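Following: one structure in structure tokens, then a few remarks.
Quantities reported herein were computed from a predicted structural model and do not represent experimental measurements. Numbers restart at 1 for each chain; the letters A, B, ... are given by sequence-line order, proteins then strands.
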Amino acid sequence: MVVLSAARWLRSRLSDRFWRVQEVLKYARHFRGRKNRCYKLAVRSVRRAFVRSTKARREKKRFLRALWITRIEAASLEHGLKYPAFISNLLKSQVELNRKVLADLAIYEPKTFKSLAALAQRRRQEGFLAALGDGKEPEGIFSRIVHHH
Amino acid sequence: RYVRQLQRLQLLFSPTAADARGARQFVEEAAQDFARQHPDVVLYVSPHSGPGPAPVLRAEYLNGTVREELIASKTSEEIVQLATKLANQSGLDIVRIRKPFHTDNPSVQGQWHPLTNKPSILTIQGPRPQPQ
């Protein structure tokens with residue numbers, strides 16, 4: 001006779017429980033305490049760890065930008081400029097380098113960074129002359145703006 | 001010129017197992033077309049008789065990595081898609097790349113150290129004064 005469905009009292013049992021448990025535990029192996037061994041505790045910890053890692057991706061951008069700013073501030077203070085003066089004068093001289101690149105230059109290319117600081121300082125002086133002198137002196141050299149069309 | 005990183009594809013399946021039906025259909029219909037479309041990949045078809053391990057598609061790459069993909073209970077089209085995916089991959093491990101760039105010489109002008117921007121009088125160590 002043909003049986004199309006199993007009898008009601010027959011129940012199937014899990015055979016790959018070990019691998020299902022290992023899938024979760026492999027992400028908990030570097031945790032501290034019993035949550036790296038016991039499945040029940042590990043499930044909660046692994047879920048929280050994943051949630052935290054997704055949320056932290058937004059924080060990472062803020063954190064790295066603050067780190068770059070700290071480094072650029074330290075490097076420009078070595079050359080006698082404060083960070084807001086440095087950044088604003090660089091932008092006014094149409095040097096559009098972002099903070100990541102400036103931080104890398106400050107670490108790996110100190111002479112280039114020194115020349116950038118000197119450029120910002122010169123542009124700052126020309127800005128002061130233009131604001132305070134008013135009129136008779138000619139415009140500064142580094143204050144000229146190049147128009148790209 | 002493009003060099004395909006996939007060296008050989010081994011199709012290991014059993015001719016009688018029920019879950020290797022897709023593999024058998026692939027061998028009958030699509031394997032020749034696939035081999036003609038990818039002339040630089042060697043396709044080995046090795047049926048092992050009797051009940052054995054699950055049907056598997058093993059890909060070997062030029063840098064030595066071997067990647068095995070289960071094809072149990074897959075249709076012929078799905079196996080074709082899988083095979084093209086493996087053929088377009090390189091053998092590098094599939095891990096998250098931390099940085100998309102790498103240099104062996106990061107510094108051209110010399111890396112910054114605390115004494116780069118200080119007057120060089122600090123690095124000079126003259127003769128020690130004699131104790132008198």
Point-to-point distance, once rounded to the nearest 0.5 Å, from CG of A:L105 to OG of B:S107: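 Answer for the CG-OG pair, A:L105 versus B:S107, is 10.5 Å.
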
Atom pair CG (B:N117) and NZ (A:K114), whose distance is rounded to the nearest 0.5 Å: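 The distance works out to 6.5 Å.
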
If every non-hydrogen atom of A:P110 is compared with every non-hydrogen atom of B:G110, which pair is closest and at what distance?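 Closest approach of A:P110 to B:G110: CD-O, 3.1 Å.
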
CA sep, side-chain torsions, deciding dist, call: B:W112, A:E78, side-chain contact (heavy atoms from CB on, under 4.5 Å): CA-CA 12 Å; B:W112 184 91; A:E78 277 204 334; 3.2 Å; yes

With a 3.5 Å distance limit and no angle check, can you tell me whether B:Q109 reaches the backbone of A:K111 through a side-chain donor-acceptor pair?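 Between the backbone of A:K111 and the side chain of B:Q109 there is a qualifying donor-acceptor contact (under 3.5 Å).
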
Under 4.5 Å between side-chain heavy atoms, hopping through other hydrophobics if needed: is there a path connecting [X] to [Y]?
X	Y	answer
A:F113	A:Y108	no
B:L62	B:V66	no
B:L6	B:L43	yes

Please determine whether the number of non-hydrogen atoms from other residues, nucleotides or ligands lying under 6.0 Å from atom OH of A:Y27 exceeds 12.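 Counting other residues, nucleotides and ligands, OH of A:Y27 stays at 12 neighbours or fewer.
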
Whether over 12 other heavy atoms sit under 6.0 Å from B:I121 CD1: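 No, the 6.0 Å shell around CD1 holds no more than 12 heavy atoms from other groups.
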
What part of A:A106 gets closer than 4.5 Å to chain B, counting heavy atoms only: side chain, backbone, both or neither?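 Contact with chain B is through the backbone of A:A106 alone.
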
